Structure formats: structure tokens, C-alpha cells
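None of these values were measured; they are calculated from a predicted model. Letters go in sequence order (proteins before strands), and every chain restarts at 1.
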Protein chains: 4
Amino acid sequence: MDFSSDTSAPAHPLVIEAIAAANIGNAPSYGGDAIHLRVRKLLTDALATDDFDVWLCSSGTASNALALSVMCPPTGAILCHAEAHIERDERGAPEFFTGGGKLRLLPGDDAKIEAQALRSALAGIDRSFVHETPADVLSLTNLTESGTAYSAAQIAEYAARAQQAGLTVHLDGARLANALVSTGASLAEMSWKAGVDVLTLGLTKTGAIGCEMIILFGEMRRKYAELQARAKRSGHMPAKMRFLAAQAEALFEDDLWLQLAGQANARASELAAHLTAHPGAELAYPVQGNEVFAVLPDGLAQRLDDNGAKFYPWPGGSHRFVCSWQTSSEQIKRFASALKTT
Amino acid sequence: MDFSSDTSAPAHPLVIEAIAAANIGNAPSYGGDAIHLRVRKLLTDALATDDFDVWLCSSGTASNALALSVMCPPTGAILCHAEAHIERDERGAPEFFTGGGKLRLLPGDDAKIEAQALRSALAGIDRSFVHETPADVLSLTNLTESGTAYSAAQIAEYAARAQQAGLTVHLDGARLANALVSTGASLAEMSWKAGVDVLTLGLTKTGAIGCEMIILFGEMRRKYAELQARAKRSGHMPAKMRFLAAQAEALFEDDLWLQLAGQANARASELAAHLTAHPGAELAYPVQGNEVFAVLPDGLAQRLDDNGAKFYPWPGGSHRFVCSWQTSSEQIKRFASALKTT
Amino acid sequence: MDFSSDTSAPAHPLVIEAIAAANIGNAPSYGGDAIHLRVRKLLTDALATDDFDVWLCSSGTASNALALSVMCPPTGAILCHAEAHIERDERGAPEFFTGGGKLRLLPGDDAKIEAQALRSALAGIDRSFVHETPADVLSLTNLTESGTAYSAAQIAEYAARAQQAGLTVHLDGARLANALVSTGASLAEMSWKAGVDVLTLGLTKTGAIGCEMIILFGEMRRKYAELQARAKRSGHMPAKMRFLAAQAEALFEDDLWLQLAGQANARASELAAHLTAHPGAELAYPVQGNEVFAVLPDGLAQRLDDNGAKFYPWPGGSHRFVCSWQTSSEQIKRFASALKTT
Amino acid sequence: MDFSSDTSAPAHPLVIEAIAAANIGNAPSYGGDAIHLRVRKLLTDALATDDFDVWLCSSGTASNALALSVMCPPTGAILCHAEAHIERDERGAPEFFTGGGKLRLLPGDDAKIEAQALRSALAGIDRSFVHETPADVLSLTNLTESGTAYSAAQIAEYAARAQQAGLTVHLDGARLANALVSTGASLAEMSWKAGVDVLTLGLTKTGAIGCEMIILFGEMRRKYAELQARAKRSGHMPAKMRFLAAQAEALFEDDLWLQLAGQANARASELAAHLTAHPGAELAYPVQGNEVFAVLPDGLAQRLDDNGAKFYPWPGGSHRFVCSWQTSSEQIKRFASALKTT
């Protein structure tokens with residue numbers, strides 16, 4: 001009953017198999033291998049376009065920071081939610097990679113940027129006033145840090161507003177698969193069709209050992225060489241890149257990544273149902289992915305812990321329960337029992 | 001007959017097995033797992049001390065740059081050979097991670113720093129002259145970029161001189177195993193006993209998928225928290241760190257890393273013997289590890305290439321042949337045949 | 001009737017005289033001149049201590065950023081008010097000079113940090129949680145961006161809290177003279193006696209051409225060499241530093257800087273009195289220095305402008321009027337007349 | 001007899017007068033004043049073009065670093081002479097402002113880049129090889145650090161080669177006036193007509209208190225907004241910029257800057273003649289400006305010092321004597337006497 005994080009889960013067995021299968025014979029270093037070509041093909045199908053460039057990276061933090069570093073100059077700023085992962089949990093990686101760019105924080109319930117706050121921020125930009133740092137990028141997170149999902153339509157609306165104001169749009173999709181399954185949107189609808197310029201697509205939390213994709217769409221493709229140089233310079237151009245590609249291939253083949261996210265989401269829904277059935281427990285945010293945030297009645301957290309459930313207290317007073325591809329219905333049932341016996 | 005690079009080789013099967021074995025059940029993220037503890041134990045034995053802290057990293061470039069970033073302030077400089085990997089092949093990673101520190105380049109044959117040049121550079125440091133950037137770090141590379149090895153005694157001598165001048169000492173050991181085998185020195189003798197303050201110990205070229213160690217000795221251990229913060233901030237704190245630890249464990253168990261390096265060195269010696277027996281071919285540098293640099297008579301490179309041998313031309317007019325753990329005696333024999341038939 | 005900014009004012013004539021007087025004969029470059037010694041003496045008297053080091057700088061933005069760069073590591077954060085000059089008006093200078101440190105914004109009326117918000121921020125720091133950026137510095141501004149003043153006692157209270165939590169304390173005193181006059185505190189009481197570790201003391205807005213001081217107290221003095229190196233590296237070590245020192249000497253001699261600030265404050269009080277006597281006009285913030293922020297009734301701003309008054313609209317709907325050392329009672333009277341005729 | 005540096009000299013009296021004259025009434029902050037317009041007019045005449053943008057800056061180090069920061073990305077490199085001021089005497093300012101760009105050092109006698117070394121460096125650039133940092137900028141210095149001058153033709157030749165290889169060209173003209181006078185070239189011939197993209201034109205060493213110009217020509221003008229943002233962010237946008245403009249105006253009016261440089265050069269020639277007439281003394285480099293580098297016979301330096309002459313020993317064994325606008329023929333005669341009596 002480990003609900004501490006989807007990063008505590010093992011990788012999916014097919015990922016391990018793919019790594020072992022990739023380990024045969026010599027292969028060109030630094031992305032020149034055959035598996036990369038196959039990944040590109042799979043991604044082209046999934047995105048329903050080939051107007052993109054992609055870079056594989058083992059780290060989610062680096063993927064976001066690298067993406068932002070080709071979007072935001074050192075003298076610029078990035079609009080994001082006050083709770084965004086890039087603000088709260090990456091130890092200043094965006095500032096480091098951009099060379100000192102600023103994050104400008106916007107409010108909003110459920111860790112989603114409020115439309116009015118976005119409008120005000122965009123309206124307040126004065127690029128001729130040199131003393132103030134103007135926003136150059138809007139960064140959205142889907143799933144958000146509260147486990148909620150933006151719809152593709154919301155992203156499209158926000159992206160359109162931002163682009164009218166001269167910004168480009170970044171989507172931090174560390175748990176994008178969960179958002180896709182939960183909203184029913186396709187990868188294309190949630191990314192380039194919604195106006196996303198650069199997508200960080202995470203697979204680590206979905207079932208990889210460590211594999212994320214930085215995808216540049218359309219006009220942003222002219223930044224690809226710069227992205228590679230920055231990847232090299234930050235230690236994110238591993239010599240044996242075929243092992244990153246192997247993970248990606250395994251998860252995109254037959255949409256395994258979406259299937260695994262679907263399982264995790266389903267378990268989270270079940271877990272939420274059990275929790276909300278418990279007297280005095282209630283959800284802190286809507287469950288729209290694989291994460292459940294609940295406010296628990298006094299003593300419940302301790303008793304669940306005593307019964308072997310692992311999960312974390314969360315800022316604001318709730319507790320977070322995360323389901324992964326490996327969370328089984330059996331585990332949920334045991335959790336439900338633990339809830340009743342406590 | 002692929003002698004293009006030891007990074008083109010696959011990982012050793014035991015590394016893959018270890019990764020698969022690590023993929024069972026949930027484990028604490030970010031280095032809190034059981035395998036990390038076992039790696040520390042293995043390393044304590046190999047180093048014959050426990051006065052160290054270690055951080056695992058998938059990238060050699062990042063490992064060097066992270067190490068240097070806790071040694072050299074933005075206002076300082078790093079002494080290294082003009083051919084050093086940190087100068088030539090890391091796209092400015094040291095400058096990026098240190099926040100704009102400078103590399104000061106020293107000459108010397110065989111990619112080894114000349115003793116006199118080091119003495120002059122150290123003597124010329126004037127820390128009271130604010131306009132000039134003083135050196136704070138000496139960075140040595142073993143194996144060097146020319147495939148040659150410093151002896152432990154040479155490193156100790158250079159380190160002592162540098163420390164007398166107020167510098168700390170970094171050792172870039174991307175191919176340290178090859179240098180250890182070739183010189184007969186122990187890991188302890190080549191690192192802390194020789195005065196090395198921070199060691200970057202590479203396993204990727206020895207047989208891992210991607211695994212390096214940043215090891216802080218003695219006084220430098222007080223920088224460990226800063227190192228972790230910088231690792232996080234640069235995307236080198238993977239959530240599922242157990243898979244890095246698994247690689248390290250597999251390679252340290254029963255000194256597998258040294259055994260593999262020994263094999264690679266032996267094949268390089270054989271290859272060098274065949275080459276030097278060829279009329280008109282001669283070594284560019286002494287062979288003291290798993291790399292052979294040879295000046296080839298006209299047309300030979302092309303004919304070897306036509307016969308299926310893969311290797312690279314090198315700046316300065318020679319060609320580089322690299323052997324890995326997987327290079328077989330059979331391959332060397334085929335290369336010898338190719339040499340004769342050409 | 002120019003109330004646009006105290007930076008639009010000329011320098012005080014004695015400052016120009018001092019510059020002319022300094023322009024005789026050769027003098028050692030880079031701070032080694034006799035005037036620097038005299039400035040140190042004047043400052044020692046004004047501070048009632050000699051446990052400090054001081055660096056002169058022509059720029060307020062650079063002075064703040066240099067100060068913060070020796071207080072906050074790249075992996076750290078600075079607590080400041082959401083309206084602070086370092087956040088709003090310095091184009092990311094703190095992020096640039098610190099190498100990517102973060103600003104963490106705190107709320108509070110009148111551009112003063114709310115005590116409760118500071119307590120929460122300090123209580124929330126967890127230095128063991130590597131993913132989040134911990135605060136290392138508290139930066140206060142006096143006068144604030146709303147023209148209000150912290151008392152020395154308030155600063156002492158905040159500084160004590162911050163230091164208990166392991167932070168050091170920076171005071172941005174671009175208009176410190178105005179705050180000293182307005183609160184009646186001495187320079188010593190408002191700085192080191194209140195626990196300030198590093199003070200940016202501005203003279204530009206008080207009557208210099210361009211002269212600020214970065215003053216390190218007590219323990220922070222060990223950062224002086226680093227501060228100088230960073231000053232050099234950022235172009236803030238002018239060859240002919242004697243001209244900076246000359247400005248400082250002129251303004252500290254006989255407390256001219258405080259006298260000039262007193263005049264400016266007095267004019268601001270008069271201006272505020274006239275404004276608040278006007279039907280429908282009211283102060284946006286208390287007037288505690290040389291700045292008046294007023295909410296004006298419809299049409300008044302335009303009519304004042306038509307009558308030759310210069311001032312700026314301010315975010316939030318008010319207008320800002322700034323008095324300088326050169327603002328005369330005559331100008332205030334003309335402004336009062338303009339008010340009546342409109 | 002102070003030959004220590006042209007930065008030890010006072011400013012020219014007309015510069016001080018101009019500053020006093022500028023100190024009347026309020027003026028728009030941050031470069032919006034009338035004097036700036038007049039400086040632009042003077043500069044347009046001097047440059048024989050108006051296809052430029054100019055930014056005034058009090059610091060030579062910052063002017064170079066700001067110029068380079070809009071020319072060289074963090075992932076790029078700057079070619080310069082191994083003795084260049086940007087490499088030796090700016091404490092890593094270029095690395096700081098560019099965000100970690102690299103300097104690549106080229107050899108050459110008399111501190112001038114050797115043509116062959118430049119050709120090799122340019123030929124060796126491989127922009128497709130991501131691991132190595134390619135050169136993006138060629139930075140020349142005129143006068144060089146050895147007091148020698150490039151002719152306009154040499155600069156044009158080097159610039160053409162660099163631009164063919166995709167680089168832009170920076171000219172560090174901290175002592176440009178001296179080079180113009182010495183070579184007879186016009187400002188236009190030595191800058192944009194020779195292919196210079198960005199010129200750092202120094203006036204501080206010529207007779208200002210502290211005033212340099214960063215001039216962007218032609219295509220580089222699209223970087224002007226970025227230059228301003230970077231100037232702001234680094235503290236090089238002083239509020240009272242009119243005082244910078246006043247210095248520039250005084251020195252450009254009637255070509256005062258060239259006249260002063262001519263005087264300084266003439267004194268240096270006289271000094272050199274006296275020195276070379278002394279038995280055993282000889283020039284280390286040709287005298288082509290206001291600096292004399294001489295190798296002195298044993299004991300001479302000490303005896304000159306005993307007789308009141310101030311000058312510095314220089315790396316390489318010579319001594320440097322610098323003449324400024326204020327160096328008088330009288331001083332040179334006294335120096336000649338001192339030479340004879342010693």
C-alpha cells in the first residue's frame with residue numbers, strides 16, 4: 001500500500017526488456033542509433049504530425065529547464081502557477097538554465113491558473129519599459145500539482161491569449177498521460193493543436209526508469225540545435241542514448257503509456273471513492289488523474305499509517321495519495337479495509 | 001571491428017541483470033534505497049577509507065562540471081591541460097556550472113601537464129590582484145585525452161604543489177579503471193592518498209549504461225549538501241536513483257570494473273603491437289590504457305576502413321582506436337589480418 | 001514643478017565642486033586614493049563603529065545585486081516584499097548576479113512585509129528538503145516602494161527572526177536618508193545595531209550624480225574580497241574611483257545627505273497637505289519620506305499636468321509625486337495654486 | 001613623472017566643465033536627455049554614417065562584456081589574443097555576462113593575433129559537432145595590450161575572414177583614439193568600414209572620468225533592445241545618464257579626444273627615444289600609441305624609481321610606461337635627465 005509517489009514504483013517490465021534488448025552490439029553514441037528512428041516514427045503517429053523535433057532526457061527537471069532555456073532569454077520571465085513544479089520543486093533549475101530568467105507566479109484554485117489573473121498579467125506587459133522584466137513564456141502544467149487536469153480547450157484558450165501578447169507556450173507534462181486519459185484528449189489535441197510550442201512529455205512517472213521528451217513544434221524547431229548544445233553542456237546528452245530511446249519505444253508501442261496511465265487513474269478513482277465514503281474525509285481537489293488529495297479527519301492519517309499505508313502530508317493540510325501503473329485493485333481493497341478497521 | 005569508442009559498446013550483461021533485479025517493488029526515490037547503501041560499502045572497501053561522500057550521476061560531463069562547481073567560485077579559474085576533456089569536449093559545461101569560472105590551459109606532451117608549466121602557473125598566482133582571475137582548482141585527467149596515464153606518484157606530486165598554492169585538486173577519471181590497471185595503483189593510491197580532493201570516477205566507458213561517481217574526500221565533504229543542491233538543480237537527481245546504484249554495484253562487485261578495464265587494455269596492447277609491426281605505422285602516444293593513437297602510412301586508414309574497421313581520425317594527424325570490455329581477441333585477430341591484406 | 005523622480009534632479013553643487021576638486025594630479029586607480037580614506041573616516045563616525053567594509057558603486061541596481069550575490073548562493077533564495085525594487089525594477093539583476101538565486105515574495109500593506117507572512121515563510125524553510133529552494137537572505141527596503149518607512153525597531157525585530165532561522169539580512173537603502181530623517185533613527189540604529197548584515201546605502205537620489213555604498217558589517221566582512229572580485233567582474237570597479245569617493249565625501253561632510261533628505265521630506269509633507277486638502281484627493285500610503293502617493297479625483301491628474309506639474313501614474317490607481325533636495329517651497333506653492341485653480 | 005597608467009590621470013578640465021554645465025535643472029532619467037541627442041549627432045559625423053546605435057557606459061570592462069553578451073551565446077566562444085584585456089584583466093567579465101561563453105586564445109607577436117593562427121582557428125570550426133564549443137565572435141583590441149596598433153587594413157582582412165566563417169567582429173577600443181592617431185585611420189575606416197560589427201570605444205583613458213561607448217553597426221542594431229536590457233540588469237543604466245553624455249560631448253567636440261590622444265602619443269614617442277638612447281635599454285614592442293614597453297638594463301628601473309619615476313614591471317620582463325593627455329614635455333625632459341643621471 002505504497003501511495004507515496006509514482007516515482008517510487010518500479011519501471012514496467014517491458015521497459016526493462018527493451019533495455020536488455022537494446023544492449024546488443026555496438027551502436028552510434030549520442031542519438032545516432034536505430035531505436036531513435038523508431039521512436040520518431042511512433043511519435044509522429046501519436047502526434048499526427050511530423051512538424052516537430054524531439055530530444056530525449058532522463059530527467060524531468062532538466063527537461064523542463066532545457067525547454068524553458070530555449071524559450072526565455074536571461075532578461076525575460078516565465079508566467080506559471082504559484083504552485084507549479086518548476087517554481088516549487090526544481091531548486092531553481094529554470095533560473096539556472098535560462099541564465100537568470102524570472103518566474104512570475106499566478107494564482108488559481110486547484111493549481112490551475114485563473115483566467116483573470118492570466119489576462120491581467122498579459123495586459124500588464126510593457127516591453128518598452130526596460131526596468132521591469134517582461135514575460136516571454138507561459139508555462140502550464142498538466143496534470144497540475146494538485147492532480148487536476150486542464151482540458152485541451154482551456155490550454156488552447158490560454159495559449160492563444162499568451163501568443164497574442166507575444167509569448168510562447170510551454171506545457172510541463174510530467175504526468176501528461178494521466179491528463180490525456182482523464183480528459184479524453186489526444187496527444188495532438190493537448191499539444192500542438194492547442195498551440196503548445198514546446199512540450200515536456202514525461203514517461204518516468206508513467207512507467208520508465210527515467211525518460212522524458214522535449215518536443216519542439218513548428219517555429220520552435222529552429223531552436224533545436226541550441227537545445228542540443230544546451231543539453232550537451234548540462235550533461236543531458238548521454239553517450240549511450242539508445243537506452244533512453246529503448247524506454248520510449250517500449251512505452252509508445254501499442255500506446256502502453258496511455259494504458260498504464262489509465263490503470264493508475266482508475267485506481268486513484270477507486271481510492272478516492274473509498275476515502276470520500278469515510279466519515280469526515282473529503283477531497284481537497286477534484287481527482288482528474290492518478291493523484292488523490294484528501295483532507296482527513298483527526299487521527300485517520302496516523303491509523304492508516306499504522307496499517308501500512310504510505311502517503312505524504314501536503315502543504316495546506318491535506319494528504320496526497322499517488323497511484324502508479326503498478327498499484328493493484330488488491331492494494332486498493334486492502335486500503336479500503338484499513339479505512340474501515342481504523 | 002568497431003574501435004570507434006568505448007561509449008559505442010553495450011553495457012556488460014551483469015549491469016543489465018542488476019537493473020532488472022533492482023526493478024522489484026517500490027523503493028524510496030532520490031537515493032534513499034538499499035542499493036545505495038551497498039554501493040557505499042563496496043566503495044569504502046575499494047577506497048580503504050570511509051572519509052568520503054559520493055553522488056551517482058548518469059553523465060560524465062555533468063559529473064565533472066558538478067565536481068568543479070563546488071570547487072571553483074564564479075570568480076575563479078581551473079588549471080587543466082589544453083587538451084583536457086573539460087576544455088575540449090564538454091561544450092562549456094564547467095563554465096556553465098561554475099557560473100562563469102575560467103579554464104586556464106597548460107601545455108605538455110601526451111596530454112599530460114608539464115611539470116614546469118604547472119610550477120609557473122602556480123607561481124604566477126597573485127590573489128591580491130583583483131583584475132586577474134586566480135586559479136582555485138587543478139584538474140587532472142587520467143587516462144588523459146591521449147590515452148596516457150599519470151602515475152599515482154605524479155598525481156601526488158602535482159597535487160602537493162597545487163595545494164601549497166591554495167588550490168584544490170580534481171581528478172577526471174572517466175577512464176580511471178584503465179589507468180589503475182595500467183599503472184598498478186590502487187584506487188586509494190590514485191585518489192585521496194595522492195591528495196585528490198574530488199574524484200570523478202567513470203563507469204560508463206568501462207561497462208555501465210551511464211553511471212559515474214562524484215566522490216568528495218576529507219575537507220571537501222562539507223560541500224556535499226551544496227553538491228546535492230546543484231545536482232538537483234541541474235537535473236542530475238533522478239527520481240529512480242536505484243537504477244544508477246544498481247549499475248555501480250554490479251561493476252564494483254568482485255572488482256568487475258577493473259577486470260573489464262584489464263581486458264580492454266590487453267586488447268589495446270595487442271592492437272598496438274599489430275599496428276607497430278606494420279611498415280610505416282607508428283604510435284602517436286604511448287599506449288597506457290585502452291586507447292591506441294597511431295600515425296598511419298598513406299592509404300592505410302582507407303584500406304582498414306574498406307575492410308570493416310571503424311575508428312576515427314584525430315586532431316594532429318593520427319588515428320584513434322579504442323578497445324572496450326567487449327572487444328574480443330577474435331576482433332583483434334581479424335584486425336591483424338586486415339592489416340596484412342591491405 | 002517636476003515631481004517625476006528624485007533621479008531627475010541635478011546633483012548638489014557641493015558634489016560637483018568635490019568632483020572638480022578631486023580632478024587634480026594623478027591618483028592611484030581602483031580605490032587606492034586619499035579621498036577613499038577620508039570617506040571611511042566619515043563613515044566610521046556616522047556608523048559609530050569601524051567593524052565594516054565599504055565598496056562604492058555608481059549604480060543602485062548593481063549595489064543591491066552585488067550585495068545579494070555575496071549573501072545568497074545560486075541554489076538559494078531571498079525573501080522580499082512583492083513590490084520590492086529588487087523584484088520589480090531591476091530587470092532580474094539579483095538573479096543575474098547570484099547566478100540564478102530566487103526571490104520569494106511576501107505580502108504586506110504599504111509595501112512593508114507583514115510580520116505574519118515573514119513568520120510563515122521562515123517557519124516553512126526545510127533545509128533538508130533538497131527539491132525546494134530555501135531562503136538564505138531577508139531583504140528589506142527602507143524607504144519602501146510606497147514611500148513608507150520601517151522603524152529601526154521593526155527592522156531589528158525582523159532581522160532577529162530571520163537570523164534565528166539562519167538567514168542574513170540585507171537593507172536596500174536607496175532612500176535611506178529619507179527614512180532616517182523621518183523616523184529619527186541614527187544610521188547605526190537603522191543598520192548594524194538593528195542586525196543588518198549588509199547595507200546598500202544610496203546617495204544618488206539624495207544628491208549625488210551616481211554614488212551608492214555597499215557596507216558589510218561584522219561577520220560579513222569576510223566576504224569583502226569576494227565582493228571586490230564580483231565588482232570588478234561586473235564592471236563596477238571604475239579606474240578613476242576617486243570621483244565616486246569625492247561624491248560620498250561631499251555628502252557626508254557635515255551630514256549634508258541628511259540635511260538634503262530633510263528638505264525633500266519637508267517638501268513632500270507640504271505637498272501632501274495641499275493634496276489632502278483638495279476635495280476628493282486622498283493619500284494612498286502614509287507619507288514617511290520624500291514621496292507622496294495620492295488617489296486623485298477624476299480629471300485632477302490631467303488638470304495638474306496641464307498646469308505644468310510632472311508626476312507619474314502608479315500601479316494600483318494612485319499617482320506618485322517625488323520631492324528632491326532641489327524641490328523648493330516656491331514649487332510647492334505653485335503646485336498648491338495649480339491645485340486650487342483646477 | 002607618473003607613467004603608471006593613463007587611468008591615474010585626472011579628467012580633462014573641459015570634461016569637468018561639461019559635467020558642471022549639465023547639472024542644471026531636472027532632466028529625464030535613463031538617457032532621455034538633450035545631451036544624448038547632441039552626442040549622437042557628433043558621433044554620426046565622426047562615424048560618417050547614422051546606421052548605428054550607441055549605449056554609454058562608465059566602465060570599460062562592462063562595455064566589452066555587454067558588447068560580447070549580445071554577440072556570443074552561452075554555448076559559444078570568442079576568439080581573442082592570449083594577452084587580450086578581456087582574457088587577462090577583466091576577472092571573467094565576458095564569461096559572466098555571456099552566461100558562460102568561452103574565450104579561445106590565439107597567439108601572435110606584439111599582442112596582435114597571428115594571421116595563420118586565426119586562419120587555423122576559423123578552419124577548425126565544426127558547427128555540427130555539438131561537443132566542442134564553436135567560435136561565434138572574433139574580438140580584436142586596438143591598441144593592443146602591448147601598445148601596438150592594428151592598421152585598418154589588417155582589421156578589415158581579419159574581419160572578412162571571420163565573417164566568412166560565420167563570426168561577428170568586436171573591436172575593444174579602450175585606447176582606440178591612440179590607434180587612430182598613430183595609424184592615421186579615421187574612426188569610420190577603423191570600425192564599420194573595416195567590418196567591425198560592435199565597437200567598444202573608450203574615452204576614460206583618453207580624458208574622461210569614466211565614459212565608454214558601445215556602438216552597434218548595421219545588422220547588429222537589432223540587438224539594441226537586448227543590450228539595453230542587459231545594461232539595466234547589470235547596473236549599467238545609471239539614472240542620471242546625462243553626466244555620461246556630457247563627458248562624451250566634451251571629448252567629441254572639435255575632436256578633443258583625438259587631440260588629447262595625439263599629445264599622449266607624442267610624449268610616448270619622446271619617452272621612447274630617450275629610453276632607446278640609453279645604453280642597454282631597448283623597446284620590447286614597437287611604440288604605436290601612448291605606451292612604451294622597454295627592457296631595461298640591470299638596476300635602471302630601481303634608479304628611475306629612486307628619481308621619482310612611476311611605472312610598472314610587466315609580465316615577460318619589460319617595464320611599461322604610459323603617457324596620458326596630461327603628460328607634459330616637461331615631464332619627459334625630467335625623465336630624460338633622470339635617465340642620464342642614473
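- When each of D:Gly25, D:Ser5, D:Pro13 is scored by its heavy-atom pairs under 4.5 Å with chain C, the top score falls to D:Gly25.
- Contacts between D:Arg242 and chain C at a heavy-atom distance below 4.5 Å involve the side chain alone, from C-beta outward.
- The two atoms that bring D:Asn23 and C:Ala11 nearest to each other are OD1-N, 2.5 Å, heavy atoms only.
- Of the atoms belonging to D:Asp89, it is backbone heavy atoms, and not side-chain ones, that fall under 4.5 Å from chain C.
- Of the listed residues (D:Ala9, D:Pro10, D:Gly99, D:Ser324), the one with the most heavy-atom contacts under 4.5 Å to chain C is D:Pro10.
- There is no contact between D:Ser4 and chain C, counting heavy-atom distances below 4.5 Å.
- D:Arg91 places no side-chain N or O within donor-acceptor distance of the main-chain N or O of C:Ala231, the cut-off being under 3.5 Å.
- Counting only distance, with no hydrogens or angles, the side chain of D:Lys232 and the backbone of C:Gly92 share no donor-acceptor pair below 3.5 Å.
- The residue among D:Ile209, D:Ile19, D:Thr61 with the most heavy atom pairs within less than 4.5 Å of chain C is D:Ile209.
- Proximity to chain C involves both the backbone and the side chain of D:Phe97, based on heavy atoms less than 4.5 angstrom apart.
- For chain C, the nearby part of D:Ala208 is the backbone; its heavy atoms alone come within less than 4.5 Å.
- Nearest heavy-atom pair across D:Ser234 and C:Ala62 is O-CB, 4.1 Å.
- Here NZ of C:Lys240 is found 10.0 Å from NZ of D:Lys205. Values are rounded to the nearest 0.5 Å.
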- Message: Let's go through C:Asn26 and D:Gln326 carefully: what are the C-alpha distance in whole Å and the side-chain angles of both, what is the deciding distance for side chain to side chain contact (heavy atoms under 4.5 Å, CB included) to 0.1 Å, and is it a yes or a no?
- Response: CA-CA 9 Å; C:Asn26 284 20; D:Gln326 212 202 22; 3.5 Å; yes
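- In this structure a side-chain-to-backbone donor-acceptor pair under 3.5 Å is missing from C:His236 to D:Ser59.
- Interface remark: C:Phe96 contributes backbone and side-chain atoms alike to the contact with chain D (heavy atom separation under 4.5 Å).
- C:Arg233 places no side-chain N or O within 3.5 Å of a backbone atom of D:Glu95 that could act as its donor or acceptor partner.
- No part of C:Ala65 comes within reach of chain D, as not one of its non-hydrogen atoms sits under 4.5 angstrom from that chain.
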